[in-house]
There are 2 protein chains.
Amino acid sequence: MNTYVSDAVIRRLPRYRRYLLKLKKQGITRISSKELGEIMDVTASQIRQDLNHFGGFGQQGYGYSVEDLIERLEDIMGINKSYKVGVIGCGRLGQSMINYLKQDPSYKIVALCDNRPDMIGTEIDGIKVDDKATFQKKMKTDFDILILTLPAANIEGLEEDLKDSKIKGIWNFSMTEIDVKGIHTSNVHLFDSLYSLSYYINHPE
Amino acid sequence: MNTYVSDAVIRRLPRYRRYLLKLKKQGITRISSKELGEIMDVTASQIRQDLNHFGGFGQQGYGYSVEDLIERLEDIMGINKSYKVGVIGCGRLGQSMINYLKQDPSYKIVALCDNRPDMIGTEIDGIKVDDKATFQKKMKTDFDILILTLPAANIEGLEEDLKDSKIKGIWNFSMTEIDVKGIHTSNVHLFDSLYSLSYYINHPE
DNA sequence: TAGATTGTTAATCGATTAACAATC
DNA sequence: TAGATTGTTAATCGATTAACAATC
(Lines give C-alpha, C1' and ligand atoms only; values in the text may rest on other atoms or scores of the structure.)
Protein backbone atom coordinates (compact mmCIF):
# COMPACT_ATOMS: atom_id res chain seq x y z
CA MET A 1 0.00 0.00 0.00
CA ASN A 2 2.25 2.70 1.35
CA THR A 3 5.64 3.00 -0.28
CA TYR A 4 7.66 3.94 2.77
CA VAL A 5 7.26 1.96 5.96
CA SER A 6 9.32 2.88 8.98
CA ASP A 7 12.07 0.61 10.23
CA ALA A 8 10.28 0.22 13.56
CA VAL A 9 7.40 -1.49 11.76
CA ILE A 10 9.66 -3.70 9.62
CA ARG A 11 11.47 -4.94 12.69
CA ARG A 12 8.22 -5.93 14.32
CA LEU A 13 7.10 -8.11 11.42
CA PRO A 14 9.31 -11.12 12.28
CA ARG A 15 7.95 -11.06 15.82
CA TYR A 16 4.36 -11.11 14.61
CA ARG A 17 5.23 -14.07 12.44
CA ARG A 18 6.84 -15.95 15.31
CA TYR A 19 3.78 -15.61 17.50
CA LEU A 20 1.46 -16.52 14.67
CA LEU A 21 3.48 -19.63 13.86
CA LYS A 22 3.13 -20.63 17.48
CA LEU A 23 -0.62 -20.13 17.34
CA LYS A 24 -0.82 -22.15 14.14
CA LYS A 25 1.09 -24.95 15.83
CA GLN A 26 -1.52 -24.88 18.58
CA GLY A 27 -4.20 -25.36 15.97
CA ILE A 28 -5.61 -21.84 16.26
CA THR A 29 -6.92 -20.69 12.91
CA ARG A 30 -8.12 -17.17 13.58
CA ILE A 31 -7.27 -14.35 15.92
CA SER A 32 -8.32 -10.78 16.59
CA SER A 33 -5.86 -7.95 16.99
CA LYS A 34 -7.06 -7.67 20.56
CA GLU A 35 -6.20 -11.26 21.45
CA LEU A 36 -2.91 -11.18 19.61
CA GLY A 37 -2.02 -7.92 21.32
CA GLU A 38 -2.64 -9.49 24.71
CA ILE A 39 -0.42 -12.45 23.91
CA MET A 40 2.36 -10.29 22.52
CA ASP A 41 1.98 -7.48 25.01
CA VAL A 42 1.39 -4.77 22.44
CA THR A 43 -1.71 -2.73 21.67
CA ALA A 44 -4.31 -4.02 19.24
CA SER A 45 -4.10 -0.64 17.62
CA GLN A 46 -0.44 -1.06 16.84
CA ILE A 47 -1.02 -4.42 15.23
CA ARG A 48 -3.79 -3.11 12.98
CA GLN A 49 -1.82 0.01 12.18
CA ASP A 50 1.28 -2.01 11.32
CA LEU A 51 -0.52 -4.49 9.11
CA ASN A 52 -2.45 -1.84 7.28
CA HIS A 53 0.75 -0.41 5.94
CA PHE A 54 0.67 -3.37 3.60
CA GLY A 55 -3.04 -3.74 2.98
CA GLY A 56 -6.14 -4.98 4.76
CA PHE A 57 -5.53 -8.57 5.73
CA GLY A 58 -8.34 -8.94 8.22
CA GLN A 59 -12.07 -9.15 8.10
CA GLN A 60 -14.41 -6.98 10.13
CA GLY A 61 -16.21 -8.84 12.84
CA TYR A 62 -13.95 -11.85 12.41
CA GLY A 63 -10.31 -10.94 12.85
CA TYR A 64 -7.38 -12.40 10.97
CA SER A 65 -6.80 -15.85 9.57
CA VAL A 66 -3.64 -17.08 11.29
CA GLU A 67 -2.40 -19.07 8.34
CA ASP A 68 -3.23 -16.37 5.86
CA LEU A 69 -1.54 -13.68 7.90
CA ILE A 70 1.64 -15.72 8.24
CA GLU A 71 1.73 -16.06 4.48
CA ARG A 72 1.18 -12.36 3.98
CA LEU A 73 3.95 -11.49 6.40
CA GLU A 74 6.32 -13.87 4.66
CA ASP A 75 5.40 -12.32 1.33
CA ILE A 76 6.04 -8.83 2.66
CA MET A 77 9.43 -9.72 4.11
CA GLY A 78 10.26 -11.88 1.11
CA ILE A 79 11.38 -14.74 3.31
CA ASN A 80 9.66 -17.43 1.28
CA LYS A 81 11.66 -16.60 -1.80
CA SER A 82 14.86 -18.43 -2.57
CA TYR A 83 18.20 -16.85 -1.70
CA LYS A 84 21.67 -18.07 -2.42
CA VAL A 85 23.97 -17.49 0.47
CA GLY A 86 27.74 -17.35 0.92
CA VAL A 87 29.45 -17.48 4.30
CA ILE A 88 32.85 -16.06 5.16
CA GLY A 89 34.16 -17.42 8.41
CA CYS A 90 33.55 -21.05 9.29
CA GLY A 91 34.43 -20.95 12.97
CA ARG A 92 31.99 -21.86 15.67
CA LEU A 93 29.68 -18.92 15.01
CA GLY A 94 29.73 -19.51 11.27
CA GLN A 95 29.06 -23.19 11.71
CA SER A 96 26.17 -22.56 14.02
CA MET A 97 24.62 -20.18 11.49
CA ILE A 98 25.12 -22.73 8.72
CA ASN A 99 23.43 -25.24 10.94
CA TYR A 100 20.41 -23.05 11.67
CA LEU A 101 20.02 -22.01 8.04
CA LYS A 102 19.88 -25.64 6.98
CA GLN A 103 16.43 -25.73 8.52
CA ASP A 104 15.20 -22.87 6.39
CA PRO A 105 14.70 -23.82 2.74
CA SER A 106 14.62 -20.18 1.62
CA TYR A 107 18.26 -19.51 2.39
CA LYS A 108 20.43 -21.94 0.52
CA ILE A 109 24.13 -21.93 1.32
CA VAL A 110 26.14 -22.30 -1.86
CA ALA A 111 29.66 -21.28 -0.85
CA LEU A 112 31.87 -21.14 2.22
CA CYS A 113 35.17 -19.43 2.87
CA ASP A 114 37.78 -19.48 5.58
CA ASN A 115 41.41 -18.43 5.78
CA ARG A 116 42.65 -21.21 8.06
CA PRO A 117 44.69 -23.71 6.06
CA ASP A 118 43.31 -26.66 8.01
CA MET A 119 39.75 -25.65 7.14
CA ILE A 120 40.20 -24.99 3.43
CA GLY A 121 39.17 -27.98 1.38
CA THR A 122 37.14 -29.59 4.15
CA GLU A 123 33.38 -29.91 3.81
CA ILE A 124 30.63 -28.59 6.04
CA ASP A 125 27.23 -30.06 5.36
CA GLY A 126 28.45 -31.15 1.97
CA ILE A 127 29.81 -27.78 0.94
CA LYS A 128 33.49 -27.30 0.40
CA VAL A 129 35.32 -24.54 2.23
CA ASP A 130 37.04 -22.29 -0.32
CA ASP A 131 40.17 -20.26 0.03
CA LYS A 132 39.87 -16.53 -0.47
CA ALA A 133 40.74 -16.45 -4.16
CA THR A 134 38.23 -19.12 -5.10
CA PHE A 135 35.50 -17.52 -3.02
CA GLN A 136 36.17 -14.09 -4.48
CA LYS A 137 35.41 -15.41 -7.94
CA LYS A 138 32.16 -16.98 -6.78
CA MET A 139 31.23 -13.75 -5.04
CA LYS A 140 30.85 -11.96 -8.34
CA THR A 141 27.85 -13.95 -9.50
CA ASP A 142 26.98 -16.91 -7.32
CA PHE A 143 24.96 -15.52 -4.46
CA ASP A 144 22.56 -12.88 -3.14
CA ILE A 145 23.34 -12.76 0.54
CA LEU A 146 26.70 -12.76 2.25
CA ILE A 147 27.06 -13.81 5.87
CA LEU A 148 30.10 -12.52 7.69
CA THR A 149 31.02 -14.62 10.69
CA LEU A 150 34.68 -13.78 10.89
CA PRO A 151 36.71 -11.45 13.08
CA ALA A 152 36.70 -7.77 12.13
CA ALA A 153 40.45 -7.91 11.61
CA ASN A 154 40.00 -10.13 8.56
CA ILE A 155 37.48 -8.16 6.52
CA GLU A 156 40.04 -5.88 4.93
CA GLY A 157 39.63 -5.51 1.21
CA LEU A 158 36.11 -6.89 1.32
CA GLU A 159 34.36 -3.68 0.33
CA GLU A 160 36.29 -3.64 -2.93
CA ASP A 161 35.16 -7.19 -3.77
CA LEU A 162 31.59 -6.31 -2.96
CA LYS A 163 31.43 -3.48 -5.44
CA ASP A 164 31.44 -5.66 -8.51
CA SER A 165 29.38 -8.48 -7.05
CA LYS A 166 25.69 -9.26 -7.30
CA ILE A 167 25.31 -9.37 -3.56
CA LYS A 168 22.21 -7.59 -2.35
CA GLY A 169 22.46 -8.04 1.39
CA ILE A 170 25.02 -8.65 4.10
CA TRP A 171 24.28 -10.24 7.44
CA ASN A 172 27.26 -9.00 9.33
CA PHE A 173 28.44 -10.53 12.62
CA SER A 174 31.98 -9.26 12.30
CA MET A 175 31.57 -6.60 15.01
CA THR A 176 32.22 -3.82 12.53
CA GLU A 177 29.76 -1.67 10.68
CA ILE A 178 29.91 -2.21 6.96
CA ASP A 179 28.38 0.38 4.72
CA VAL A 180 28.57 -0.25 0.98
CA LYS A 181 26.43 1.80 -1.36
CA GLY A 182 23.64 -0.23 -2.86
CA ILE A 183 24.02 -3.19 -0.53
CA HIS A 184 21.74 -3.56 2.45
CA THR A 185 23.59 -4.52 5.56
CA SER A 186 22.37 -5.79 8.87
CA ASN A 187 25.17 -5.16 11.33
CA VAL A 188 24.61 -7.49 14.25
CA HIS A 189 26.50 -6.53 17.36
CA LEU A 190 25.75 -9.46 19.58
CA PHE A 191 27.42 -8.00 22.61
CA ASP A 192 25.42 -4.82 22.57
CA SER A 193 22.45 -6.71 23.92
CA LEU A 194 24.56 -8.18 26.73
CA TYR A 195 25.69 -4.69 27.64
CA SER A 196 22.22 -3.22 27.70
CA LEU A 197 21.13 -6.24 29.72
CA SER A 198 23.90 -5.37 32.16
CA TYR A 199 22.54 -1.86 32.41
CA TYR A 200 19.14 -3.15 33.39
CA ILE A 201 20.61 -5.58 35.90
CA ASN A 202 22.24 -2.61 37.60
CA HIS A 203 19.17 -0.40 37.38
CA PRO A 204 16.38 -2.56 38.70
CA GLU A 205 12.77 -1.46 38.35
CA MET B 1 20.82 12.27 36.95
CA ASN B 2 17.46 11.27 35.63
CA THR B 3 15.97 8.11 37.10
CA TYR B 4 14.19 6.81 34.03
CA VAL B 5 16.03 6.66 30.75
CA SER B 6 14.27 5.29 27.70
CA ASP B 7 15.28 2.00 26.19
CA ALA B 8 16.16 3.72 22.91
CA VAL B 9 18.90 5.63 24.73
CA ILE B 10 20.20 2.58 26.60
CA ARG B 11 20.51 0.64 23.38
CA ARG B 12 22.60 3.39 21.84
CA LEU B 13 25.17 3.41 24.63
CA PRO B 14 27.08 0.31 23.49
CA ARG B 15 27.37 1.82 20.03
CA TYR B 16 28.84 5.05 21.39
CA ARG B 17 31.35 2.99 23.30
CA ARG B 18 32.34 1.00 20.24
CA TYR B 19 33.09 4.10 18.22
CA LEU B 20 34.94 5.73 21.09
CA LEU B 21 37.10 2.64 21.59
CA LYS B 22 37.99 2.82 17.92
CA LEU B 23 38.93 6.49 18.27
CA LYS B 24 41.03 5.70 21.31
CA LYS B 25 42.83 3.02 19.36
CA GLN B 26 43.61 5.63 16.73
CA GLY B 27 45.17 7.77 19.42
CA ILE B 28 42.44 10.40 19.44
CA THR B 29 42.01 11.80 22.93
CA ARG B 30 39.19 14.27 22.55
CA ILE B 31 36.14 14.70 20.38
CA SER B 32 33.20 17.04 20.01
CA SER B 33 29.64 15.85 19.70
CA LYS B 34 29.66 17.30 16.19
CA GLU B 35 32.63 15.23 15.03
CA LEU B 36 31.39 12.08 16.72
CA GLY B 37 27.98 12.60 15.19
CA GLU B 38 29.49 12.81 11.74
CA ILE B 39 31.44 9.60 12.24
CA MET B 40 28.46 7.73 13.65
CA ASP B 41 25.89 9.30 11.38
CA VAL B 42 23.71 10.68 14.15
CA THR B 43 23.03 14.28 15.19
CA ALA B 44 25.32 16.03 17.64
CA SER B 45 22.18 16.99 19.47
CA GLN B 46 21.24 13.39 20.06
CA ILE B 47 24.64 12.56 21.46
CA ARG B 48 24.58 15.45 23.92
CA GLN B 49 20.98 14.75 24.85
CA ASP B 50 21.73 11.07 25.42
CA LEU B 51 24.80 11.65 27.54
CA ASN B 52 23.16 14.32 29.64
CA HIS B 53 20.69 11.79 30.93
CA PHE B 54 23.58 10.60 33.05
CA GLY B 55 25.33 13.88 33.82
CA GLY B 56 27.55 16.39 32.09
CA PHE B 57 30.62 14.56 30.86
CA GLY B 58 31.89 17.18 28.48
CA GLN B 59 33.50 20.55 28.74
CA GLN B 60 32.27 23.64 26.96
CA GLY B 61 34.55 24.83 24.21
CA TYR B 62 36.50 21.58 24.34
CA GLY B 63 34.28 18.58 23.82
CA TYR B 64 34.61 15.19 25.44
CA SER B 65 37.65 13.26 26.58
CA VAL B 66 37.53 10.01 24.65
CA GLU B 67 39.05 7.92 27.39
CA ASP B 68 36.96 9.52 30.10
CA LEU B 69 33.75 9.10 28.17
CA ILE B 70 34.43 5.42 27.54
CA GLU B 71 34.87 4.95 31.26
CA ARG B 72 31.67 6.81 32.07
CA LEU B 73 29.72 4.73 29.56
CA GLU B 74 31.11 1.53 31.02
CA ASP B 75 30.17 2.73 34.48
CA ILE B 76 26.64 3.54 33.38
CA MET B 77 26.13 0.17 31.72
CA GLY B 78 27.94 -1.61 34.52
CA ILE B 79 30.08 -3.56 32.08
CA ASN B 80 33.31 -3.11 33.99
CA LYS B 81 31.93 -4.87 37.03
CA SER B 82 32.43 -8.57 37.54
CA TYR B 83 29.69 -10.99 36.63
CA LYS B 84 29.53 -14.71 37.09
CA VAL B 85 27.97 -16.45 34.15
CA GLY B 86 26.40 -19.83 33.54
CA VAL B 87 25.72 -21.25 30.10
CA ILE B 88 23.09 -23.79 29.18
CA GLY B 89 23.70 -25.31 25.79
CA CYS B 90 27.26 -26.04 24.68
CA GLY B 91 26.67 -26.57 21.00
CA ARG B 92 28.32 -24.47 18.37
CA LEU B 93 26.50 -21.30 19.31
CA GLY B 94 27.19 -21.79 23.01
CA GLN B 95 30.82 -22.51 22.36
CA SER B 96 31.23 -19.45 20.22
CA MET B 97 29.74 -17.30 22.98
CA ILE B 98 32.04 -18.91 25.53
CA ASN B 99 34.90 -18.12 23.22
CA TYR B 100 33.98 -14.47 22.78
CA LEU B 101 33.33 -13.96 26.48
CA LYS B 102 36.78 -15.25 27.32
CA GLN B 103 38.09 -11.99 25.92
CA ASP B 104 36.01 -9.92 28.30
CA PRO B 105 37.24 -10.07 31.90
CA SER B 106 33.95 -8.71 33.25
CA TYR B 107 31.93 -11.78 32.38
CA LYS B 108 33.43 -14.83 33.97
CA ILE B 109 31.99 -18.18 32.99
CA VAL B 110 31.71 -20.41 36.05
CA ALA B 111 29.38 -23.21 34.95
CA LEU B 112 28.29 -24.98 31.81
CA CYS B 113 25.43 -27.34 31.12
CA ASP B 114 24.37 -29.61 28.29
CA ASN B 115 22.02 -32.55 27.99
CA ARG B 116 24.03 -34.59 25.46
CA PRO B 117 25.65 -37.54 27.20
CA ASP B 118 28.82 -37.25 25.15
CA MET B 119 29.26 -33.63 26.23
CA ILE B 120 28.66 -34.06 29.94
CA GLY B 121 31.90 -34.36 31.84
CA THR B 122 34.04 -32.91 29.07
CA GLU B 123 35.77 -29.58 29.56
CA ILE B 124 35.49 -26.38 27.55
CA ASP B 125 38.15 -23.81 28.29
CA GLY B 126 38.87 -25.57 31.55
CA ILE B 127 35.27 -25.64 32.72
CA LYS B 128 33.46 -28.92 33.11
CA VAL B 129 30.13 -29.45 31.40
CA ASP B 130 27.53 -30.38 34.02
CA ASP B 131 24.46 -32.50 33.67
CA LYS B 132 21.15 -30.86 34.41
CA ALA B 133 20.88 -31.87 38.06
CA THR B 134 24.37 -30.60 38.95
CA PHE B 135 23.83 -27.36 37.10
CA GLN B 136 20.46 -26.78 38.74
CA LYS B 137 22.12 -26.81 42.15
CA LYS B 138 24.73 -24.30 41.05
CA MET B 139 22.04 -22.12 39.55
CA LYS B 140 20.67 -21.32 42.99
CA THR B 141 23.68 -19.36 44.14
CA ASP B 142 26.65 -19.53 41.82
CA PHE B 143 25.99 -16.95 39.14
CA ASP B 144 24.41 -13.65 38.13
CA ILE B 145 23.84 -14.07 34.43
CA LEU B 146 22.50 -17.06 32.56
CA ILE B 147 23.16 -17.55 28.87
CA LEU B 148 20.74 -19.75 27.01
CA THR B 149 22.20 -21.19 23.84
CA LEU B 150 20.03 -24.24 23.54
CA PRO B 151 17.00 -25.10 21.40
CA ALA B 152 13.67 -23.79 22.61
CA ALA B 153 12.42 -27.35 22.94
CA ASN B 154 14.78 -27.95 25.86
CA ILE B 155 13.97 -25.03 28.14
CA GLU B 156 10.98 -26.66 29.73
CA GLY B 157 10.95 -26.40 33.50
CA LEU B 158 13.56 -23.67 33.46
CA GLU B 159 11.30 -20.91 34.75
CA GLU B 160 10.69 -22.90 37.91
CA ASP B 161 14.42 -23.24 38.57
CA LEU B 162 14.92 -19.54 37.99
CA LYS B 163 12.47 -18.52 40.65
CA ASP B 164 14.60 -19.53 43.57
CA SER B 165 17.92 -18.57 42.02
CA LYS B 166 20.06 -15.47 42.39
CA ILE B 167 20.13 -14.91 38.65
CA LYS B 168 19.60 -11.30 37.72
CA GLY B 169 19.76 -11.45 33.96
CA ILE B 170 19.24 -13.86 31.09
CA TRP B 171 20.84 -13.53 27.70
CA ASN B 172 18.49 -15.70 25.74
CA PHE B 173 19.31 -17.14 22.32
CA SER B 174 16.80 -19.96 22.55
CA MET B 175 14.37 -18.41 20.04
CA THR B 176 11.67 -18.15 22.66
CA GLU B 177 10.69 -15.19 24.77
CA ILE B 178 11.31 -15.77 28.43
CA ASP B 179 9.58 -13.55 30.93
CA VAL B 180 10.26 -14.23 34.60
CA LYS B 181 9.28 -11.62 37.15
CA GLY B 182 12.27 -9.91 38.68
CA ILE B 183 14.77 -11.21 36.12
CA HIS B 184 15.85 -9.03 33.23
CA THR B 185 15.89 -10.89 29.98
CA SER B 186 17.38 -10.01 26.65
CA ASN B 187 15.63 -12.20 24.12
CA VAL B 188 17.87 -12.36 21.08
CA HIS B 189 16.12 -13.54 17.96
CA LEU B 190 19.02 -13.80 15.57
CA PHE B 191 16.90 -14.58 12.57
CA ASP B 192 14.72 -11.54 12.92
CA SER B 193 17.53 -9.41 11.58
CA LEU B 194 17.97 -11.72 8.59
CA TYR B 195 14.27 -11.40 7.87
CA SER B 196 14.22 -7.63 8.06
CA LEU B 197 17.33 -7.61 5.90
CA SER B 198 15.37 -9.71 3.38
CA TYR B 199 12.60 -7.12 3.45
CA TYR B 200 15.05 -4.39 2.54
CA ILE B 201 16.62 -6.49 -0.20
CA ASN B 202 13.19 -6.78 -1.75
CA HIS B 203 12.29 -3.14 -1.28
CA PRO B 204 15.21 -1.23 -2.63
CA GLU B 205 15.00 2.51 -2.17
C1' DT C 1 39.59 37.70 25.62
C1' DA C 2 37.32 35.40 21.57
C1' DG C 3 35.98 31.10 19.82
C1' DA C 4 34.23 26.79 20.49
C1' DT C 5 31.24 23.63 22.30
C1' DT C 6 28.64 22.10 25.92
C1' DG C 7 24.18 21.54 28.75
C1' DT C 8 19.51 22.42 28.43
C1' DT C 9 15.19 24.37 26.99
C1' DA C 10 11.93 24.86 23.28
C1' DA C 11 10.13 23.35 18.72
C1' DT C 12 9.38 19.75 15.61
C1' DC C 13 8.65 15.54 14.05
C1' DG C 14 7.14 10.85 14.01
C1' DA C 15 5.32 6.96 16.21
C1' DT C 16 1.85 5.10 19.21
C1' DT C 17 -2.69 4.97 20.98
C1' DA C 18 -7.57 6.05 21.04
C1' DA C 19 -11.79 6.46 18.79
C1' DC C 20 -15.22 5.35 15.66
C1' DA C 21 -17.51 4.72 11.28
C1' DA C 22 -17.53 0.98 7.94
C1' DT C 23 -18.67 -3.65 7.27
C1' DC C 24 -18.39 -8.57 7.69
C1' DT D 1 -30.05 -8.61 12.09
C1' DA D 2 -26.92 -7.66 16.06
C1' DG D 3 -22.33 -8.13 17.59
C1' DA D 4 -17.72 -8.06 16.71
C1' DT D 5 -13.77 -6.37 14.82
C1' DT D 6 -11.55 -4.28 11.22
C1' DG D 7 -9.48 -0.16 8.59
C1' DT D 8 -8.53 4.47 9.18
C1' DT D 9 -8.66 9.09 10.93
C1' DA D 10 -7.71 12.03 14.83
C1' DA D 11 -5.42 12.84 19.35
C1' DT D 12 -1.66 11.98 22.24
C1' DC D 13 2.59 10.97 23.55
C1' DG D 14 7.50 10.62 23.35
C1' DA D 15 11.69 11.00 20.97
C1' DT D 16 14.58 13.71 18.03
C1' DT D 17 16.31 17.98 16.45
C1' DA D 18 17.14 22.90 16.69
C1' DA D 19 18.45 26.81 19.13
C1' DC D 20 20.92 29.38 22.33
C1' DA D 21 22.56 30.97 26.74
C1' DA D 22 26.21 29.36 29.79
C1' DT D 23 30.96 28.65 30.21
C1' DC D 24 35.39 26.59 29.47
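Chain A is the first sequence line, chain B the second, and so forth, proteins listed ahead of strands; every chain is numbered from 1. Source: prediction; values computed, not measured.
Residue A/Gln46 places its side chain closer to C/dT17 than to any other of D/dA15, C/dT17, C/dG7.
Nucleotide C/dT6 holds its P atom 15 Å from the CZ atom of B/Arg72, rounded to whole Å. C/dT8 atom C1' lies 15 Å from atom CZ of B/Phe57, rounded to whole Å. Straight-line distance from the NZ atom of B/Lys34 to the P atom of C/dG3: 17 Å, rounded to whole Å. Atom CD1 of B/Ile10 and atom P of D/dA15 are 11 Å apart (whole Å). Rounded to whole Å, the distance from CD on B/Glu35 to P on C/dA4 is 13 Å. Residue A/Ile47 contributes atom CD1, which lies 14 Å from atom C1' of D/dG7 at whole-angstrom precision. Between B/Ile31 atom CD1 and C/dT6 atom C1' the separation is 15 Å, expressed in whole Å. As a whole-Å value, the separation of A/Arg12 CZ from C/dG14 C1' is 12 Å.
Two residues are said to be in side-chain contact when any heavy atoms from C-beta on lie closer than 4.5 Å; A/Met97 and A/Val87 fail this criterion.
Because its NZ or CZ atom is not both nearer than 6.0 Å to the ring centre of B/Tyr64 and within 45° of the ring axis, B/Arg30 does not count as a cation-pi partner of that residue.
When the side-chain nitrogen and oxygen atoms of A/Ser33 are compared with OP1 and OP2 of D/dT6, one or more of them lie within a distance under 4.0 Å. For the pair B/Tyr64 and C/dG7, the criterion of a side-chain N or O lying under 4.0 Å from OP1 or OP2 is met.
Aromatic ring centres of A/Tyr100 and A/Tyr107: separated by at least 6.0 Å. A centroid separation of less than 6.0 Å is found between the aromatic rings of B/Trp171 and A/Phe191.
Relative orientation of the A/Tyr199 and B/Phe54 rings is perpendicular, given thresholds of 30° and 60° on the angle between their planes.
Base pairing annotation: C/dA22 forms a Watson-Crick or G-U wobble pair with D/dT5, both donor-acceptor distances under 3.5 Å.
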Study note, to complete from the structure: Reading nucleotides 18-24 of chain D from 5' to 3' and marking B where a protein heavy atom lies under 4.0 Å of the base, S where only the sugar-phosphate is that close, and - otherwise, the string is BBB-BBB
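Counting non-hydrogen atoms under 4.0 angstrom, B/Arg30 reaches nothing in the nucleic acid.
For the 3.5 Å distance criterion, the side chains of B/Glu74 and A/Tyr195 fail to qualify, holding no donor opposite an acceptor.
Note on A/Asp192 versus B/Arg18: salt bridge recorded, some NZ/NE/NH1/NH2 to OD/OE distance being below 4.0 Å.
Nearest-nucleotide assignment on DNA chain C puts the 5′-proximal partner with B/Ala44, out of B/Ala44 and A/Val42.
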